[in-house]
Amino acid sequence: MSSSTSPTTYTLRITFARAHSLPVADVFTLSSDPFVLATLRFPTTSSPKLRHRTPTLRRTTDPVWNNVWTVSHVPATGVRLKLKVKDEDTKNRDDGLGVAYIESGPLENGWKRSFRQGLSLSKGGDAAVMMLRLVTVGWRKGRWKCLGGEVDVEMEVVEYDGLDEELGKANRPFTLGPNWWSQHYSPLIGIITNTKSPVLQKDGVQRYLFTATKLQLTGPVPSNLSVRYVAFRPLIKTFYTKSGIRGRVLNRALKHQYRTIYSYDRHTEYGVVDVGEHRDHQENLARRFLEITNWGQGGRVYTYVITLDGEWRFTETGKEFGIQMLSKHTMHSEVSVYVAFAGEFYGRGRNSDDDKNNDPRQHQHHLCNISHKHQHSEDPADYELVIDNDSGTYRPNKALLPTLEAFLARNLKGLKVSAKHCFDDDHASEKKGHAKAKEARGRARFKQPSSSRSPSSSAGSISSGDEEELVSGRMGVGRRVRRRMWRELEGSGDESGRDEDKKKEKGEKGENEEDDSGEDQEKPEKKREKMKQKIKRTKEVAKEKKDEKKAARKDERKDAQEAEEYQEEEEKSRREKIEQQEGESSHGR
């Protein structure tokens, strides 16, 4: 419970225990793959709602989750909990199995209650699920609400002394724990972005595996860590506010990218980090984070956002990740207006032995031996997390970097955290070094297994439409429209010309290589003539690139001018509206 100087608040522990007699969603197995999407609201306050997702259980209609969600700074007036039980399906089309609502009522010390709530299929069920339920159970008058089964939830007010003065600084409800994590895999996106699995398979073949990670940090997030998106172009505001047809299309496209990257399927891994009072347990979260990020090896740089509720979302990034339909930080935030922080980070060793891992020539060796624990230290004190504010979408103020550093150091005990400004020259050069180290890994020949149940063998985290586009190059009408809108938004213009230029350069390079192979058999005059042609083509390519850069700078200046004009017009219209309202009020008098 909070101190007496502030409104009375409590720490509430919610346990999603089990469900009974859920509808059958899969007609072939006569079962379901159920999970719970919980939304917690605070009716008498203006506090933002919180969300939680349980792991998915396979092939059961009587799941037992026993999943715990601890929320602190809950007002004494109570909460309203919405439960959506769903069946996990492929292609991000989860079937609804029912909806239930729970009102806690007023809270006090020692308060504890157990709820068994019926799931309503009429509000949250899919038509196919309802038809299956009617066939398997039958329908009787007055029993419609019971067709969705029942769910058991326990709520309890608990005492928590694990936080210091940070708890008293909280100004809104927040997730206190536990520190759960989930990893989402996509081999197909790994091939496209050249993201290799850090562990070689037994057959010695390099697998490609793109991984997205969610990690829940212990709250509260400092109240001053709240940054809003920057409308550096007039069209940016449209897809955040979903204004107009273009804004709605782009908003849906970005959310589709989020659901694709953070897709839940049968290969998604879940876990909870045990963080106790013992020193070794306190360092478990840092150790788990280092495992996820491969102990800072391989020159990996990650793009991240931290939500206002302390959920850390990140993926490996790089220039090859510049997918046309994807604005990285906007995607990671799921088009959220506010986030706690955004940028990029990477890990590195602090001692001389681990610093050698940053040598590009050593990365292939470490890549082959990363699975052997004796190759690197597992003590978090031997590593450093370097994190920055490199986000063009949210652009966090550099004055907030010390606060971010302290917040992460409080969570990742034992690990040194260094928060850097993205425009710092030394930091920029270090990131370039990581990029070179990653390039040194090169592009190995890959092989995708045809039948396996390992995460590296499934493309289940990407929809069939995406797979067809990535493999065959064909694109649907709706996807072409969204792509064109996104290009207009980014000011990239027609990319087809650049693609043709690249093909032209590749063709010229191939011709040069063929010419070089026969130089020994040709006369000196022909050699000199071909050399002149090479120099001429090189100068032409350099001139074209220079012209492209000039045009890009010109477009940026034009966009900045348009943004200023747009803001002036908005201010002018706002003043006119205020003057009109004042005139109408004076006329009324």
Novice: Between Thr330 and Tyr394, is any side-chain donor less than 3.5 angstrom from a side-chain acceptor?
Specialist: no
Novice: Salt-bridge test for Glu156 and Arg13: reply yes if a basic N is under 4.0 Å from a carboxylate O, no otherwise.
Specialist: yes
Novice: So, for Tyr346 and Tyr302, is the gap between ring centers shorter than 6.0 Å?
Specialist: no
Novice: With no hydrogens and no angle check, is any side-chain donor or acceptor of Arg252 less than 3.5 Å from a backbone partner on Val249?
Specialist: no
Novice: Could you tell me whether Arg51 atom CZ has more than 12 heavy atoms of other residues or ligands within 6.0 Å of it?
Specialist: no
Novice: For a quick test of reading the model, state the closest non-hydrogen atom pair linking Tyr270 to Thr56 and the distance between them.
Specialist: OH-OG1, 3.5 Å
Novice: Glu108 and Tyr10: side-chain donor and acceptor closer than 3.5 Å?
Specialist: no
Novice: Has Arg395 got its NZ or CZ under 6.0 Å from the middle of the six-membered ring of Tyr229, at an angle within 45 degrees of the ring axis?
Specialist: no
Novice: Tyr258 and Arg313: which non-hydrogen atoms are nearest, and at how many Å?
Specialist: OH-CZ, 3.6 Å
Novice: Taking atom CZ of Arg248 as the centre, report whether more than 12 heavy atoms of other residues, nucleotides or ligands fall under 6.0 Å from it.
Specialist: no
Novice: With under 30° as parallel and over 60° as perpendicular, where do the rings of Trp69 and His52 fit, or are they tilted in between?
Specialist: parallel
Novice: What I want to check is whether the side chains of Lys237 and Ser243 have a donor and an acceptor closer together than 3.5 Å.
Specialist: no
Novice: Report yes or no: do Asp309 and Thr175 form a side-chain donor-acceptor pair below 3.5 Å?
Specialist: yes
Novice: Test the Arg18-Trp65 pair against the cation-pi criterion, namely NZ or CZ under 6.0 angstrom from the six-membered ring centroid and within 45° of the ring axis.
Specialist: no
Novice: Would you please name every residue forming a side-chain contact (heavy atoms from CB on, under 4.5 Å) with Pro75, sequence neighbours left out?
Specialist: Phe42, Thr45, Thr77, Pro173
Novice: According to the interplanar angle, ranging from 0 to 90°, do the rings of His184 and Tyr262 count as parallel (below 30°), tilted (30 to 60°) or perpendicular (above 60°)?
Specialist: perpendicular
Novice: Scan side-chain atoms only and decide if His332 and Thr315 contain a donor-acceptor pair under the 3.5 Å cut-off.
Specialist: yes
Novice: For the aromatic rings, using the six-membered ring if either is Trp, is the centroid distance between Phe345 and Phe289 under 6.0 Å?
Specialist: yes
Novice: Looking only at heavy atoms, which two atoms of Asp94 and Asp89 are closest? And how far apart?
Specialist: OD1-N, 2.9 Å
Novice: Which heavy atom in Thr218 sits nearest to a heavy atom in Phe407, and how many Å separate them?
Specialist: O-CE1, 3.6 Å
Novice: Identify whether the distance between the nearest side-chain nitrogen and carboxylate oxygen of Glu88 and Lys86 falls below 4.0 Å.
Specialist: no
